[in-house]
2 protein chains.
Amino acid sequence: MTLDEAWRILQENQFKRTKNRDTILKFFSNKDRYLTALEVKNFMADDNPGISFDTIYRNLSTFSELGILEETDLNGERHFRMQCDPGVHHHHFICTACGKTRSIPHCPMEMITVNLPDYEVEGHKFEIYGKCPLCVQK
Amino acid sequence: MTLDEAWRILQENQFKRTKNRDTILKFFSNKDRYLTALEVKNFMADDNPGISFDTIYRNLSTFSELGILEETDLNGERHFRMQCDPGVHHHHFICTACGKTRSIPHCPMEMITVNLPDYEVEGHKFEIYGKCPLCVQK
DNA sequence: CCTTAAAACAGGAATCATTCCGATTCACTC
DNA sequence: GAGTGAATCGGAATGATTCCTGTTTTAAGG
């Protein structure tokens, strides 16, 4: 997702244009990996050294709810990444060494829901973990 | 998995037979759901009110490493359940209301790994969330 | 521009799950 | 029944996340 798309969504939902949001979004753009609140904070060091975690988490949560960021738990920590292809359902391979991700277009749900009659499916999680080609070499 | 099987595995690996381990394992047997360390502690109230979280987590981690328990992160918290069918790979539907689980024999990995050449797959997670038939009615 | 109300923020305290640590107790072996 | 390393206890420490309160900033209207 581009920064323009992100801002369009934010303004459609009456969120204000602030410096912090701008910097956070820039941090995520063009990164194909999941990142933590701490990594955001470190990145902000130049721009706004005094930013509080409250602000970071509040915005990350907002972005996630609006579909601007994708969110997942890795080792009990919240991780976020730019929504790569809005509207197109997909999953990720996640490199356990460098954190880089790779999109997986297949979704296992289609062939499985048939076997869950009377169940009300709300969501699912499918992630593959391992080493990406670059990290395999090392 | 039965308690006998669990104890066989523990003794094969030189773990001692303690009262705490016995009570914890009994707590998990015959429960088809994921449980937290706190729930374990509450259950121990009768048997050993003074048990420390250190002991609980240490044993849960041990059981998990030995394949006696299955482990997953739900909302950033560690959850454990008795290994239902040792050796048989499977996944779970997890009820977000009552926590009950349902085994899903299908594994999405088989048809997908072909599309990850040069990647080194270490593991994967596939879980379906929603309401079980009983909780749908309410 | 200037004013104003609501939104956003900073800073620090609080919370919650989990882990660490030093001292004590226990389970198994001889 | 004594010795030894494993297991445990209790409480402090940690680390991520959230809460709280007062202050600043944004966007809109006059």
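Lettering follows sequence order; numbering is per chain, from 1. Being a predicted model, the structure only gives us computed values, none of them experimental.
Using a 4.0 Å cut-off between a side-chain N of Lys or Arg and a carboxylate O of Asp or Glu, A/Asp47 and A/Lys19 qualify as a salt bridge.
Between A/Leu3 and A/Lys26, the shortest heavy-atom distance links the atoms CD1-CG, 3.7 Å.
Separating the NZ atom in A/Lys100 from the SG atom in A/Cys132 is a distance of 6.0 Å, to the nearest 0.5 Å. Here the CD atom belonging to A/Glu120 is positioned 9.5 Å from the SG atom belonging to B/Cys95, to the nearest 0.5 angstrom.
Between A/His89 and A/His124, the ring center distance clears the sub-6.0 Å criterion.
You can see that DNA chain C meets the heavy atoms of chain B within a 4.0 Å-exclusive cut from C/dA17 to C/dC28, reading 5' to 3'. Of all nucleotides in DNA chain D, those with any atom nearer than 4.0 Å to a heavy atom of chain B start and finish, going 5' to 3', at D/dG5 to D/dG10.
A search for side chain to side chain contact (heavy atoms under 4.5 Å, CB included) contacts involving A/His90 returns A/Glu70, A/Gln83, A/Cys84, A/His92, A/Ser103, not counting sequence neighbours. When the ring-ring contact (aromatic ring centres under 6.0 Å, His included) test is applied to B/Phe43, the partners found at least two apart in sequence or on another chain are B/Phe27. Listed by chain and number, the residues in a side chain to side chain contact (heavy atoms under 4.5 Å, CB included) with B/Tyr129 are A/Lys125, B/Leu74, B/Ile94, B/Thr96, B/Lys125, B/Glu127 (sequence neighbours excluded). The side chain to side chain contact (heavy atoms under 4.5 Å, CB included) check on B/Asn42 picks up B/Leu38, with sequence neighbours excluded. For A/Phe28, there are no ring-ring contact (aromatic ring centres under 6.0 Å, His included) partners, not counting sequence neighbours. Evaluation of the side chain to side chain contact (heavy atoms under 4.5 Å, CB included) rule for B/Asn13 yields B/Ile9, B/Phe15, B/Leu66 as partners, not counting sequence neighbours.
Residues from residues 71-82 of chain B with heavy atoms under 4.0 angstrom of DNA chain D: there are none. Residues from residues 12-27 of chain B lying near DNA chain C, meaning a heavy-atom separation below 4.0 Å, are B/Lys16, B/Arg17 in numerical order. Near-neighbour residues of DNA chain C inside residues 41-49 of chain B, defined by a heavy atom below 4.0 Å, are absent.
Proximity of A/Leu25 to A/Leu10: side-chain heavy atoms (C-beta onward) are separated by under 4.5 Å at one or more points.
Helix-axis bend for the helix from C/dC1-D/dG30 to C/dC30-D/dG1: the local axis fitted to the five terminal pairs at one end deviates from that at the other end by 20°, rounded to 10°.
Note on B/Ile51: only backbone sugar-phosphate atoms sit closer than 4.0 angstrom, heavy atoms only; bases stay farther off.
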